[in-house]
2 protein chains.
Amino acid sequence: MSVTIGEAARASGVSAKMIRYYEETGLLGPAERTASGYRVYGAADLHALRFVRRARDLGFSMAEIADLLALWRDRERASASVKGLALAHVGDLRRRIRELEAMARTLENLAERCCGDGRPDCPILDDLAGKG
Amino acid sequence: MSVTIGEAARASGVSAKMIRYYEETGLLGPAERTASGYRVYGAADLHALRFVRRARDLGFSMAEIADLLALWRDRERASASVKGLALAHVGDLRRRIRELEAMARTLENLAERCCGDGRPDCPILDDLAGKG
DNA sequence: CCTTGACCTTCCCATCATGGGAAGCCCCAT
DNA sequence: ATGGGGCTTCCCATGATGGGAAGGTCAAGG
């Protein structure tokens, strides 16, 4: 039950490029190799790759994922640690959302006041130019 | 009424590093120089720098800002072009917000189901591991 | 007049996660 | 044995930003 990097990529949704990168940066341990140097992945490796993929989909950074992986592998972990990490990340996401929200609202307000026709007068440019 | 790059940075809120970078990449035209090679900025340059700063604060990319600057300088522009750019960017922001929202909600749901005490059982890790 | 310290110049490097591509080796099927 | 596809490593690029080194410049004060 061992596959090459291409099959691992297809099975996990992580590109072969990224799998090598994760190995290079230490997020994942070095993969086993065939005699000719090909990387080889077993069931546990695929499991870890899918874990990483899922965590990336939830917006965790590689550093956070390293922590999550360590907790995942530690059967003695306290769930409080995981929850803490997750909630800290949620705080991060919420903060970014608030920033983007503020930008979007500002622009929507400006755009609403811009007639958007062939004339050059434009409250959006006026605002950017500081003439607000 | 001409200032050096440091003063321009302070006056515009754009770091000296970034001012040089904007010049290097062509977002802003080459600055005038003193005989000894120092960059020199006049009132119009400061105005443009503040424009760029403000646009960055609203989340526009450098490519979009290049377009906005061109429209700003073009007195024959159609406000529709500006509005189009702005609304396209709003669409971008809204899409990113939706993605982050989805991540945050997923994580909040998982965290809510995690008791977060000293025990190892953790729905968050279970979900990441695909045991959801 | 010379020193000092603050400022400027260019150049290189790092971030973070990701992709592109080249040169060369390997494996399998025809 | 040949061809095609997959693997290896290595280098480069992204976008916007900061850090820092090595060296030139300027203004103020001794």
Side-chain angles (χ1 to χ4, degrees), chain A residues 2-28 30-42 45-46 48-49 51-69 89 92-93 96 99-100 103, chain B residues 2-28 30-42 45-46 48-49 51-69 89 92-93 96 99-100 103:
Chain A
S2 290
V3 297
T4 62
I5 199 170
E7 291 170 279
R10 257 164 277 141
S12 65
V14 179
S15 72
K17 275 282 207 219
M18 288 311 297
I19 296 177
R20 291 194 199 96
Y21 176 67
Y22 291 154
E23 176 178 339
E24 183 194 327
T25 58
L27 182 66
L28 301 175
E32 307 230 349
R33 304 283 187 133
T34 65
S36 59
Y38 281 24
R39 287 179 182 79
V40 170
Y41 298 90
D45 301 313
L46 294 180
L49 281 172
F51 183 101
V52 172
R53 172 76 209 283
R54 188 105 182 83
R56 294 265 342 114
D57 285 348
L58 289 175
F60 285 101
S61 69
M62 281 181 56
E64 289 167 326
I65 295 175
D67 293 345
L68 287 170
L69 275 172
H89 180 48
D92 227 68
L93 291 170
R96 282 155 66 192
E99 289 171 3
L100 297 181
M103 296 177 188
Chain B
S2 288
V3 297
T4 61
I5 199 171
E7 292 170 279
R10 257 165 276 140
S12 66
V14 180
S15 73
K17 275 282 208 220
M18 288 312 296
I19 296 177
R20 292 194 198 96
Y21 176 67
Y22 291 155
E23 176 178 339
E24 184 195 327
T25 57
L27 182 66
L28 301 174
E32 306 229 350
R33 303 285 187 131
T34 66
S36 59
Y38 281 25
R39 286 178 182 80
V40 169
Y41 298 89
D45 301 313
L46 294 181
L49 280 171
F51 184 102
V52 172
R53 173 76 210 284
R54 189 105 183 79
R56 293 268 337 117
D57 285 347
L58 289 174
F60 285 102
S61 70
M62 282 181 56
E64 289 167 325
I65 295 175
D67 293 345
L68 287 172
L69 275 172
H89 180 49
D92 226 68
L93 291 170
R96 282 155 65 192
E99 289 172 4
L100 297 180
M103 295 176 189

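A, B, ... follow the sequence lines: proteins, then strands. Residue 1 opens every chain.
Of all heavy-atom pairs spanning R33(A) and V40(A), the tightest one is C-CG2, 4.3 Å. For the pair L49(B) and S12(B), the tightest heavy-atom approach, listed with the atom from each and the gap, is CB-CB, 3.6 Å.
Using a 4.0 Å heavy-atom distance criterion, T4(A) is classed as a sugar-phosphate-only contact. Using a 4.0 Å heavy-atom distance criterion, S15(A) is classed as a sugar-phosphate-only contact.
Here the C1' atom of nucleotide dG15(D) and the CD atom of E64(B) are 12 Å apart, to the nearest Å. Whole-Å rounding puts the E7(A) CD to dC28(C) P distance at 12 Å. For M62(A) and dT15(C), the CE to C1' distance is 12 Å, given to the nearest whole Å. As rounded to whole Å, 7 Å separates atom C1' of dA17(C) from atom OH of Y22(A). In this structure, Y41(B) atom OH and dC8(C) atom C1' are separated by 11 Å, rounded to whole Å. As a whole-Å value, the separation of M18(A) CE from dC7(D) P is 17 Å. Protein atom CG of L49(B) is 16 Å distant from nucleotide atom P of dA16(D), rounded to whole Å. Following rounding to the nearest Å, R53(A) (CZ) and dT18(C) (C1') show an atom-to-atom distance of 13 Å.
The base of dG18(D) lies outside donor-acceptor range of the side chain of Y21(B), with no N or O pair under 3.5 Å.
Contact of the R96(A) side chain with the R96(B) side chain is not registered, since no non-hydrogen atoms from C-beta on lie closer than 4.5 Å.
Heavy-atom nearest nucleotides on DNA chain D were determined for T34(B) and for R10(A), and the one closer to the 5' end corresponds to R10(A). When each of F60(A) and S36(B) is assigned the nucleotide of DNA chain C bearing its nearest heavy atom, the one mapping closer to the 5' terminus is S36(B). Toward the 5′ end of DNA chain D lies the nearest nucleotide of I5(A), the other residue of the pair I5(A) and S61(B) mapping further downstream.
Of the candidates D45(A), I65(A), L69(A), L28(A) forms a side chain to side chain contact (heavy atoms under 4.5 Å, CB included) with just one, namely L69(A).
Between the CE atom in M18(B) and the CZ atom in R53(B) there is a gap of 11.0 Å [rounded to 0.5 Å].
In this structure, of dT18(C), dA16(D), dT8(D), it is dT18(C) that holds the atom nearest to the side chain of R56(A).
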Collect all protein-nucleotide pairs involving nucleotides 9-13 of chain D in which both atoms are nitrogen or oxygen and the distance is under 3.5 Å.
unit_1	atom_1	unit_2	atom_2	d
dT9(D)	OP1	R33(A)	NH1	3.4
dT9(D)	OP1	R33(A)	NH2	3.0
dT9(D)	OP2	R39(A)	NH1	2.9
dT9(D)	OP2	R39(A)	NH2	2.9

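Checking side-chain atoms of H89(B) against main-chain N and O of E64(B) turns up no donor-acceptor pair under 3.5 Å.
Heavy atoms of other residues, nucleotides or ligands lying less than 6.0 angstrom from CD of E32(B) number 12 at most.
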